[in-house]
Amino acid sequence: MYSELVRYIAENLVDNPDEVRVSEEEVDGVIVVTLKVAREDMGKVIGKQGKIAKAMRMVVRAAAGKTRKKVNVDIVE
């Protein structure tokens with residue numbers, strides 16, 4: 001559910017949407033969404049001073065608010 005939201009946001013930010021990979025797993029009651037993008041798209045997903053990454057995390061946490069689940073978004077190379 002949350003992985004689809006992260007995928008949608010990321011694919012609309014990057015130049016290589018075909019290389020966006022998102023996985024979701026639950027670890028100790030926390031849902032961890034992992035986002036992988038092409039190396040040249042990392043800056044677009046993170047943004048200046050991490051503002052885009054922070055905004056993406058806030059949107060996902062807001063979506064999770066109704067379910068009262070904790071959700072973390074990790075961006076990896």
Side-chain angles (χ1 to χ4, degrees):
M1 173 182 168
Y2 305 107
S3 60
E4 295 155 6
L5 177 59
V6 171
R7 179 184 310 280
Y8 177 80
I9 294 169
E11 284 178 348
N12 285 289
L13 288 172
V14 300
D15 290 332
N16 302 306
D18 295 337
E19 295 192 35
V20 172
R21 302 287 180 259
V22 182
S23 62
E24 182 177 320
E25 65 180 341
E26 189 165 342
V27 179
D28 297 328
V30 177
I31 298 172
V32 179
V33 179
T34 304
L35 170 64
K36 293 181 184 179
V37 296
R39 182 179 296 269
E40 59 270 13
D41 289 328
M42 285 297 286
K44 291 180 177 95
V45 173
I46 295 172
K48 286 187 179 182
Q49 298 177 348
K51 287 183 180 181
I52 294 180
K54 187 183 292 185
M56 188 183 316
R57 290 180 176 117
M58 285 177 54
V59 168
V60 172
R61 286 187 183 132
K66 292 181 181 180
T67 62
R68 299 190 186 265
K69 293 243 181 189
K70 182 171 169 117
V71 180
N72 287 339
V73 178
D74 292 336
I75 302 170
V76 297
E77 272 189 60

Answer whether the closest heavy-atom distance between the side chains of [X] and [Y] falls below 4.5 Å.
X   : Y   : value
L35 : D74 : no
I9  : V59 : yes
M56 : V6  : yes

Quiz item: side-chain hydrogen bond (donor to acceptor under 3.5 Å, both in side chains): which pairs involve residues 12-29, sequence neighbours left out?
Solution: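 Output for this query lists S3-E24, D15-K44, N16-E40, N16-D41.
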Self-check item: Results of salt bridge (charged side-chain N to carboxylate O under 4.0 Å, His left out) for R39 - residues two or more places apart only
Solution: E77
Exercise. Output the distance between atom OG1 (T67) and atom OH (Y2), rounded to the nearest 0.5 Å.
Key: 3.0 Å
Quiz prompt | Gap separating the CZ atom of R57 from the CD1 atom of I75, nearest 0.5 angstrom | solution = 4.5 Å
Quiz item: Would a hydrophobic clustering, with Ile, Leu, Val, Met, Phe, Trp and Tyr connected at side-chain separations under 4.5 Å, put I31 with M1?
Solution: yes
Practice problem: Using the rule that two of Ile, Leu, Val, Met, Phe, Trp, Tyr join whenever any of their side-chain heavy atoms come within less than 4.5 Å, decide whether V33 and M58 are in one cluster. | Solution: no
Closest heavy-atom pair and its distance - [X], [Y]:
X   : Y   : answer
L13 : V45 : CD1-CA, 4.5 Å
R61 : N72 : NH2-OD1, 3.7 Å
V37 : M42 : CG2-SD, 3.5 Å
K36 : V76 : CG-CG2, 3.3 Å

Going by atom type alone, with no hydrogens or angles, which donor-acceptor pairs under 3.5 Å involve a side-chain atom of residues 48-55 and a protein atom two or more places apart or on another chain?
none

